[in-house]
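Have a look at the structure below before the remarks.
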Protein chains: 2
Amino acid sequence: MPTTDPSERRATIEDVAEAAGVSVATVSRALRDLPNVATSTRLRVEQFAQQLNYRADPNASRLAAGRSGAVAMAVPVFNSWYFSEIVAGAEAVFADAGYDVLISAIPGPHRRALFVSQTAYQRRADGIIMVDLAMGQGERDVLLRAGVPTVTTGAKSADFPGVIIDNVAVGRTAATHLAGLGHQRIALIAGQNEDPLHFTVPEDRQRGFERELEAREIFFDPSLEAAGNFSVAGGYEAMVGLLKLDHPPTAVFAMSDEMAFGAIQAAREYGLGVPEDLSIMGVDDHDLAAAFGLTTISQQVDHQGPLAARLLLALLDDHQPDELMVEVPTVLVERTTTGPPV
Amino acid sequence: MPTTDPSERRATIEDVAEAAGVSVATVSRALRDLPNVATSTRLRVEQFAQQLNYRADPNASRLAAGRSGAVAMAVPVFNSWYFSEIVAGAEAVFADAGYDVLISAIPGPHRRALFVSQTAYQRRADGIIMVDLAMGQGERDVLLRAGVPTVTTGAKSADFPGVIIDNVAVGRTAATHLAGLGHQRIALIAGQNEDPLHFTVPEDRQRGFERELEAREIFFDPSLEAAGNFSVAGGYEAMVGLLKLDHPPTAVFAMSDEMAFGAIQAAREYGLGVPEDLSIMGVDDHDLAAAFGLTTISQQVDHQGPLAARLLLALLDDHQPDELMVEVPTVLVERTTTGPPV
DNA sequence: ATGAAAGCGCTAACAG
DNA sequence: CTGTTAGCGCTTTCAT
């Protein structure tokens, strides 16, 4: 008869209590470093716990304590440089703090609805980071009512703390750089036309870009705007379209480095020299920006993940963070893909 | 007196039972589609559950049922194209199957020990995917004894099912391509010298590479081997070192596309034309390989994540998968960074 | 087909 | 400083 062999069975808190000759409550306290435990007791408990290879069952403690010990990160997609960088940075901080990290890709409305209802309602995560997923009022309400500490990234939200950059300034910087070089016909490779995710970043960048051109009395021809979908392939396609125009641009501002890379590829295939015949710049300062010699606007992505994580940890520790909105500075990085027009 | 207002409190299974006029056991059965529930009852229960916005507390059900409803993925790092691609592919499959996905970066021995003991021992995940983290005997034993279904990727392991590629063939293909073009002095940009993670992929690729050269009676000069650390920066540095040699190579095989990108950058900065003066090829078929015109060996990374996920799901469903080892084919993708030597 | 009741393993008052 | 005792909310025999 297979009576559960105690050496095979996972040790429970009772096993430890028995071995150490104390109550389970004391074991619980000792192992969690709570006050009111004699040092000698604590030491003894720890010793037996180790010996029995005991670790508290997370599900039991979560149920009893009402916290999950996990945080969730929601991103539009994973396989994109920007998002994987954010996740990597935040994960390291959470892991150090002893939190499990749950991830969820939210590529569309379906997964999105699921995520909000499930994660917010079910007690799977003590807190959430929404990465570049601007929320509608309904979603905000769900999270607020559920009382789930939430931090946002990318999209500014009045309801939640977050780490942001000044995207209007990003657009302005791009226009300033390109116009300063003497360009008059500057194209814009933006995001999608449809925006199911309420993603506000592109509009801000575009606004800053257009306003700066306006201020300089440079006409922004609407036909010079193309959707690049924030992907390499999209940037390529957008550039191809732009190059086919009767009156093509002499410079291009792509809203992300990945789109800029695609644009560079298209330009080269078209036989154009960059920057001799066409200037191209991006946003991000991607790992490979230097390899392409890409002029870009850095947003210090490596800082953003850890910042967001620390913001959430502060919320979880119940002390309001010093600043609810952390703004990461952006800075123009001039390389070799931009120059004066011919 | 803040008596918990039932409309604010999360609905429990008891609330639903009461509303529907049945027992909690019946609610539990009905909501999980278990047999032995009258259709009419099930419908009624479902209706009230929805009305009360009820969803089972995962911690409670996990504790009671002994399963966590989550899977864990461990990767060396996140912010690398290859790993984020694998995670993205697997996450989509797991999410569809209703599993939570926990992630852990294992950059070094410390996090590694933590991961194995905690995740395997504590009941936080029902299964684990170890991505390119070849395990030592000790770790294998821990996982095997804990009985945690585990799937590996990259590093073949006799103890666990996994998805693999033939890395020896990868090395051979590279040597064949470059030697076939007529190169005699071929450099190798490999991984690290120290290998704390028991990562076997590099050795396999190197073995295939050297053997093929040997078969062709081409001498592989050990000074033509450089460590590139599987990063862009590492590839750059490695290439710089190679270029400073008295007798530099005419072709380079980098074990990853990211290292190849760095190498291309270095070569260009050095004033060398690629491939006129120097041929460079990589492994992966990275998103940006086409933008660089990089000749590479595709390993269909987009398939690997979903394959690994499905393997694990099969294990979790308790039916042994059809094949324990899924081998993904590799294929040479010729672009424009390789050509005959001058 | 349904219900009663015994846990799952831990935490958190409350006593002492 | 430590022990007792209720639960946390659900699942799962075992009856009926």
Side-chain angles (χ1 to χ4, degrees), chain A residues 4 6 9-46 48-49 52-70 98 100 118 121-124 126 146, chain B residues 4 6 9-46 48-49 52-70 98 100 118 121-124 126 146:
Chain A
T4 350
R9 197 171 47 79
R10 277 172 53 86
T12 72
I13 197 170
E14 277 193 85
D15 299 329
V16 179
E18 196 173 326
V22 295
S23 74
V24 294
T26 301
V27 173
S28 179
R29 291 190 196 103
L31 261 24
R32 285 180 301 148
D33 282 323
L34 294 187
N36 293 329
V37 178
T39 313
S40 60
T41 310
R42 171 161 304 163
L43 256 36
R44 195 151 35 84
V45 169
E46 280 169 353
F48 281 106
L52 293 174
N53 212 329
Y54 168 78
R55 268 184 265 9
D57 182 314
N59 297 124
S61 58
R62 287 167 189 185
L63 175 58
R67 4 180 338 281
S68 74
D100 281 350
Q118 295 204 344
Y121 273 25
Q122 303 197 26
R123 303 175 160 169
R124 308 196 274 183
D126 297 333
Chain B
T4 350
R9 198 172 47 79
R10 276 173 52 86
T12 73
I13 197 170
E14 277 194 85
D15 300 329
V16 179
E18 196 174 325
V22 295
S23 74
V24 294
T26 300
V27 174
S28 179
R29 291 189 194 104
L31 261 23
R32 283 178 303 146
D33 283 324
L34 294 187
N36 291 330
V37 178
T39 311
S40 61
T41 309
R42 170 160 306 160
L43 255 37
R44 194 150 37 84
V45 169
E46 280 169 352
F48 280 106
L52 294 173
N53 212 330
Y54 168 77
R55 265 179 281 343
D57 181 313
N59 298 125
S61 56
R62 287 168 190 185
L63 174 59
R67 356 176 353 276
S68 74
D100 280 350
Q118 296 205 340
Y121 257 71
Q122 303 197 23
R123 305 177 160 169
R124 306 202 272 186
D126 297 333

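Chain letters run A, B, ... following the sequence lines, proteins first and then strands; every chain starts at 1. The shown structure was predicted, so the numbers you read here are calculated from the model rather than taken from an experiment.
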Interatomic distance, S68(A) atom OG to R124(B) atom CZ [nearest 0.5 angstrom]
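It is 11.0 Å, given to the nearest 0.5 Å.
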
Enter the distance from I13(A):CD1 to L52(A):CG here, rounded to the nearest 0.5 Å.
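Reported to 0.5 Å precision, the distance equals 12.0 Å.
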
Using a cut-off of 4.0 Å on non-hydrogen atoms, how would the nucleic acid contact of [X] be classed: base, sugar-phosphate, or nothing?
{"X": "R32(A)", "result": "sugar-phosphate"}
{"X": "R29(A)", "result": "base"}
{"X": "A25(B)", "result": "base"}

Atom [atom1] of [X] and atom [atom2] of [N]: how far apart are they, to the nearest Å?
{"X": "N36(A)", "N": "dG3(D)", "atom1": "CG", "atom2": "P", "value": "13 Å"}
{"X": "R124(A)", "N": "dG9(D)", "atom1": "CZ", "atom2": "C1'", "value": "16 Å"}
{"X": "E18(A)", "N": "dT4(D)", "atom1": "CD", "atom2": "P", "value": "13 Å"}

Of A65(B) and S40(A), whose nearest nucleotide on DNA chain D comes first from the 5' end?
S40(A)

First of L34(B) and N59(B) reached from the 5' end of DNA chain D, by closest nucleotide:
N59(B)

With the side chain counted from C-beta on, respond yes when D33(B) and R42(B) share a heavy-atom pair under 4.5 Å apart, and no when they do not.
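A side-chain contact exists here, since the closest heavy-atom pair is under 4.5 Å.
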
Give a yes or no on whether E46(B) atom CD has more than 12 heavy-atom contacts from other residues, nucleotides or ligands under 6.0 Å away.
yes

